[in-house]
Structures are given as C-alpha cells and as structure tokens.
Number of protein chains: 2
Amino acid sequence: MRPFKHPPADEFALERIFHALSDPARLEIVRRLAHVEAATCGELDGGRPKSSMSHHFRILREAGLVHTRGAGTLHQNSLRRTELDTRFPGLLDAVLRQAP
Amino acid sequence: MRPFKHPPADEFALERIFHALSDPARLEIVRRLAHVEAATCGELDGGRPKSSMSHHFRILREAGLVHTRGAGTLHQNSLRRTELDTRFPGLLDAVLRQAP
DNA sequence: CGTTAAGTTCGATACTAGTCGAACTATCGA
DNA sequence: TCGATAGTTCGACTAGTATCGAACTTAACG
C-alpha cells in the first residue's frame, strides 16, 4: 500500500482547509471523527460508493484535517485535532460546537 | 438600488461560510475588513475588475460574512463580526489570528 | 439634463470539483 | 494459492464556479 501524503502542520493552508470543509459529506466525516478515536472509510460512508469516499478522504488528508494509517486491509482515519488546534486555535472547536 | 439579501444570523450555514472563505481573494477581503470599520468595493479590489469583485462580495454577503449598505453612489461593506462570533464562536478569530 | 463614478448584471469561456462504475492493489484467512 | 474484503485509481460525465468585458442602474454634482 502506497504511503499517504500528510502535510506537516506548518504547511497547513487555511484556504485548503476551508475548501475541504465546504462539502457537506466531508463536514459530516469530520464531525463523526470527532467522536471516535479513529474510523475506517467504510464506517463513515453514508451509503456513498467507495470511490466517492476515497476522494473525500483524500481532500481531507491533503488539507491536513485527517490522518490515515493502514491497519491490515483497512484504513484507520483520525482527526489531527491537536495539530489543528495548535495551528488554528478555535477553528475546530467552532466547527464541532455547531453540530455535535 | 436594489436592497441586498443579508441572511439572518440563525440562517448562517457553515458549509456556505467555508466555501466563501476557500477563495484567496475573499479571504483577503475578510482580513482587510477586519481592520477597518467599513470599506467600499473599490478600496478592496487588488487590481481585479469590478465585476469580479462584485461576484466575490455577493458570495460573502450571502454567506453572512459581510454586510453591505449603500451610501450614496458607493457601497460600504463591513464584517458581521459580532453575529459571527455569536453563532460560531472562535471561527473568525481563527481566521484573523492567522494573517493579521 | 448630461456627465461622471461606483457597482451590479449578463453572457461567454475556461477551469475546477463531485459522482460513480470499473478495474486495480494489498492484505488477511481458509 | 485462491478468494474475499477494504480501499485506491482511472476515466467519463456533470455541475458548479471563477474571470472579465460590455451593457445597465443608481446617485451625486455641475
């Protein structure tokens, strides 16, 4: 499995993060990830096909919102919460306070 | 002059706000508006044509980020800061802390 | 009025992004 | 090793969006 590209926290771009969060499907993914330690792609699809989910996770990963690590045949995704809170204090809280 | 449509604070949609902020031109507008009481469209174009600016201001208005009021022949735009802070505490701060 | 100035609207174009099926890859288990 | 499973990649289609010139609207001022 190819390793994923995860930008370091000092390369996070606000525009990219906002773009990632401007899609309802991705906003929902982020919110659901906030309640768990990690989740697989399959656990978070809302009936959407796998190729669509893969696309959304890639956007979230490249924005720096989500970290994905392979665990056997499945991928565990987690919110990069502490890094995001350090780099953009208040942003994630604002998102999550909205619709818990 | 046609009155502008300004959504009430309880109709702000996070997706729409994020989309509005995902464009570099609009992010810059918001940041510059944070430093002044109000500004006209012309004061904030970065050499961009008026039709482009008008487009961006409409997106910002309809997301609830900016309020526009006509003052004679020019339009005064201001950040809806208190309403945004009430509805999404921390969000605007996160944006503005980033690049003052 | 006629003019100037500030923005808006319209229309065309180009680019960007979301959706989803099909084929591919990698890993685990029988 | 064969098959099943989880996810990625590819390709095509579609929908949305940015850009910008040109025409239009509105208001202030001679």
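Chain letters run A, B, ... following the sequence lines, proteins first and then strands; every chain starts at 1. What you see is a predicted model, and the numbers here were worked out from it, not measured in a lab.
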- Candidates D/dA6, C/dT9, D/dT19 - which lies nearest the side chain of B/H56: D/dT19

- Message: Working to the nearest 0.5 angstrom, can you tell me the gap between A/T40 OG1 and A/F57 CZ?
- Response: 8.0 Å

- A/H75 side chain: which of D/dT9, D/dG7, C/dG18 is closest? D/dG7

- Message: Rounded to whole Å, please give me the gap between CD in A/E43 and P in D/dA6.
- Response: 10 Å

- Message: Between C1' on D/dT17 and CZ on B/R26, what's the gap in Å once rounded to a whole number?
- Response: 9 Å

- Query: Which of parallel (below 30°), tilted (30 to 60°) and perpendicular (above 60°) describes B/F12 and B/F88?
  - Reply: parallel

- Quiz item: B/S54 side-chain donor-acceptor pair to C/dG7 base, under 3.5 Å: no

- Item | Candidate nucleotides C/dC20, C/dG18, D/dT5, ranked by approach to the side chain of A/D23 - the nearest | C/dG18

- Closest to the side chain of A/K50, out of C/dC10, D/dA18, D/dG7, is D/dG7

- To the nearest Å, how far apart are A/H19 NE2 and C/dC15 C1'? 13 Å

- Message: With a 4.0 Å cutoff (strictly under), does any side-chain N or O of B/S51 reach OP1 or OP2 of C/dG7?
- Response: no

- Between A/T73 and A/P49, just flag the one whose closest nucleotide in DNA chain C comes earlier from the 5' side. A/P49

- Item | Distance-only donor-acceptor test (3.5 Å): side chain A/S52, base C/dG18 | no

- Transitively linked via ILVMFWY side-chain contacts under 4.5 Å: A/V66 with A/I59? no

- Message: In the structure I gave you, are the side-chain heavy atoms of B/E83 and B/H67 within less than 4.5 Å of one another anywhere?
- Response: no

- Query: From B/R31 CZ over to B/L44 CG, what is the distance, rounded to the nearest 0.5 angstrom?
  - Reply: 14.0 Å

- Selected nucleotide, minimal atom distance to A/I59 side chain, candidates C/dG18, D/dT8, C/dG7: C/dG18

- Query: Can you tell me how far P of D/dT9 sits from NZ of A/K5, to the nearest Å?
  - Reply: 11 Å

- Message: Could you tell me how far apart A/M53 (CE) and C/dA17 (P) are, to the nearest whole angstrom?
- Response: 19 Å

- Taking the side chain of A/H55 as heavy atoms from C-beta outward, which of C/dT19, D/dT8, D/dT5 is closest to it? C/dT19

- A/F57 has an atom CZ; how far is it from atom P of C/dA17, in whole Å? 19 Å

- Query: Using a cut-off of 4.0 Å on non-hydrogen atoms, how would the nucleic acid contact of A/R16 be classed: base, sugar-phosphate, or nothing?
  - Reply: nothing

- Task: Round to a whole Å and report the spacing from CG of B/D45 to C1' of D/dT19.
- Result: 14 Å

- Task: May I ask you to evaluate whether B/R58 reaches the phosphate of C/dG7, defined as a side-chain N or O under 4.0 Å from OP1 or OP2?
- Result: no

- Note on the structure: Atom CZ of B/R69 and atom C1' of D/dA27 are separated, to the nearest Å, by 18 Å

- Task: Assess the side chains of A/R26 and A/H56: does a donor N or O sit below 3.5 Å from an acceptor N or O?
- Result: yes

- N/O (side chain, A/R48) to phosphate O (OP1/OP2, C/dG21) under 4.0 Å: no

